[in-house]
There are 2 protein chains.
Amino acid sequence: MPKRLTLDQYLDGLRAGNRFVLSRAITLVESTLPADQQLAQQVIDAVLPSTGRSVRVGITGVPGVGKSTFIEALGMHLVAEQDLRLAVLAIDPSSQRGGGSILGDKTRMAQLAAHPHAYIRPSPAGRSLGGVARATREALLLCEAAGYNVIFVETVGVGQSETAVHGMVDFFLLLMLAGAGDELQGIKKGIMEMADAVVITKADTGNELAAKRARREYQSALHLFPHAASGWAPVVRTCSALTGEGVPGVWEEVQRYLELVRGNGFFASRRQEQNLHWLHQTIREALETRFYARPEVQQRLEQLQQQVQDGRKSAFGAAEELLAL
Amino acid sequence: MPKRLTLDQYLDGLRAGNRFVLSRAITLVESTLPADQQLAQQVIDAVLPSTGRSVRVGITGVPGVGKSTFIEALGMHLVAEQDLRLAVLAIDPSSQRGGGSILGDKTRMAQLAAHPHAYIRPSPAGRSLGGVARATREALLLCEAAGYNVIFVETVGVGQSETAVHGMVDFFLLLMLAGAGDELQGIKKGIMEMADAVVITKADTGNELAAKRARREYQSALHLFPHAASGWAPVVRTCSALTGEGVPGVWEEVQRYLELVRGNGFFASRRQEQNLHWLHQTIREALETRFYARPEVQQRLEQLQQQVQDGRKSAFGAAEELLAL
């Protein structure tokens, strides 16, 4: 772990879009050391006025759906053709490998990683979902302060982390494979309902018909869901990261969405709501962490949990007993 | 408000299946008075060994779907033909009418309400969702202690309460109208994914074709969702509460489900998980209630919320400031 920089060094570096300083700043917000956390909050508070101007896109899909390839293809389209600056972050609390994660291996997106207008950052390892989510959200703010105007937040699509990502992005993209009716196997319940767009990947030669059929099926399934508060009706697209076909179209949908929600005020109100959500989420997590960390609670908890589980004690009674400690 | 009974009077009355005492006991668990709550917990803890032996069914659907008529038809089938004892509870935190709620008007289910083996209880009014949910869950235990072997928990199908109900029942039933593709309008996102069965109501004369088509559509939409941990594939049925057609079939599905999940162990593990969930949920609510009730927090909260909402202060920084108070 490199020694921390000074507050001014972080701020100057971020303002200049210095990737080295950005990485150091993200390491700082990921740190669990109290001194680091304190400095991290000073950095975050100082850069806040320079944040909020990017488009935040959540991307999820089960392993094997071709997430890296898709992100590389869409990312290259953004940096090389749309002249945008893109940061890719990941939320993967399951990752326990030191320093690594679903994005640890940058060779996964070699071309994108090498582009001067792209920044790829793996998920912090060995932390709880709450910790990873908070670190990722703050990394997102740091990337915005460093001038990135599109942020991808990637998840593995099999866990609780999608809800956390949904709470920090403007647009949520679900990647699916064309296949035989069981495409959603492995996708956790509720994820599909968060999607603003479903993208059928690997719609390559020989697979076009299956992709088209899957598109029709998902479009009709999504049709059964209610209209979102955004006024946006979720779309289904097919694409081939291999040939590039359909990739620009995905970005066009994001643009269509932004035009709609910036026009009807949903974009701003959603962001405000997300900010408030994070405030209360942070408080909730802190309260619970403090409570369950108390030695007298830890001492009684296991026994009471067992009694509640077996129906020998009521949940409320056990909670009262713990809270009275 | 009647004076409270003694602990023994509650216990004897519940054991005897006395509906008057049951109602008084439910009023007790609904009370927010500390003395009532303390006695309520003694009652709950004492009856716990006599609980858990009923089938708990959550029933939801938007207003107009014919929920009361359906519950009355299915309920009459259970009490009159299956020789079961049925309690119907409601979760409706939106209800502010004194003592009343979606089930306040018993004339909604006049026939069922008059049956000696049915017990109908309206939702407690003027409480938060957390409060209503806890009261309902404890009312459910009291009904079980009083010998009811089927419990319906009804919600209005438009709010957050479905998640709470899902956390306290064994089987979740979603009522839908046959119609033209937009049947889910008004059904909150995520509810359909909780359903173990979707029942298309009002499949009456003249409406059979639409009902059949809706059934096909929902069956194919549900097919896209992943298999539940229970191993159960959600089913779609049509029924007419008017003619009674299809009503026994709904109960047969519940039976099929129970056979499956009792056999594979899911029934027991789910109930244990629900017990634990309620323990931690109760603790979380108590911690948050206590925190936000503190005068120094209340004093700062509004201003900090505004700053966070506007992006002038980070969520984490504001949370730290409040937690430090």
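Within every chain, numbering begins at 1; the chains are lettered A, B, ... in the order of the sequence lines, protein sequences first and strands thereafter. What you are looking at is a predicted structure, and each value in this text was computed from that prediction instead of being measured. All values below were derived from every heavy atom in this structure, side-chain atoms included, with hydrogens, water molecules and symmetry-related copies excluded.
- Contact record, A/A319 with B/T282: CB-CG2, 3.5 Å, taken as the closest heavy-atom pair.
- Both the backbone and the side chain of A/Q305 come within less than 4.5 Å of a heavy atom of chain B.
- Residue pairs meeting the ring-ring contact (aromatic ring centres under 6.0 Å, His included) criterion with at least one partner in residues 302-325 of chain A, sequence neighbours excluded, do not occur; the list is empty.
- For chain A, the option among B/Q272, B/E273, B/R284 with the highest count of heavy-atom pairs below 4.5 Å is B/R284.
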Let me check something: any side-chain donor-acceptor pairs from residues 164-171 of chain A under 3.5 Å, sequence neighbours excluded? List them with distances.
residue : atom : partner : partner atom : Å
A/D170  : OD1  : A/R271  : NE           : 2.9
A/D170  : OD1  : A/R271  : NH2          : 3.4
A/D170  : OD2  : A/R56   : N            : 2.9
A/D170  : OD2  : A/R271  : NH2          : 2.7

Notebook entry, point to check: So B/E288 and A/H280, side chain to side chain donor-acceptor pair (under 3.5 Å) or not? Walk me through it.
Noted result: CA-CA 9 Å; B/E288 290 188 292; A/H280 294 290; over 6 Å; no
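- Note: B/E321 CD to A/Q41 CD = 11.5 Å, rounded to the nearest 0.5 Å.
- Considering only heavy-atom pairs separated by less than 4.5 Å from chain B, the leading option among A/A318, A/A40, A/S314, A/A268 is A/S314.
- Minimum interatomic distance between A/L279 and B/L322 (heavy atoms only, all atoms of both residues): CD1-CD1, 4.4 Å.
- The greatest number of non-hydrogen atom pairs below 4.5 Å with chain B, out of A/D310, A/L141, A/I283, is found for A/I283.
- Scanning residues 291-299 of chain A against chain B with a 4.5 Å non-hydrogen threshold yields A/F291, A/Y292, sorted by number.
- Only the side chain of B/E138 comes within contact range of chain A, with heavy atoms under 4.5 Å apart.
- Among residues 43-51 of chain B, the residues having any heavy atom closer than 4.5 Å to a heavy atom of chain A are, in sequence order, B/I44, B/D45, B/L48.
- Of the listed residues (A/R290, A/H277, A/E320, A/Q42), the one with the most heavy-atom contacts under 4.5 Å to chain B is A/R290.
- Here the side chains of B/L323 and A/L287 are in contact, with some heavy-atom distance below 4.5 Å.
- Atoms CG and CD, on A/L276 and B/Q309 in that order, are 4.5 Å from each other to the nearest 0.5 Å.
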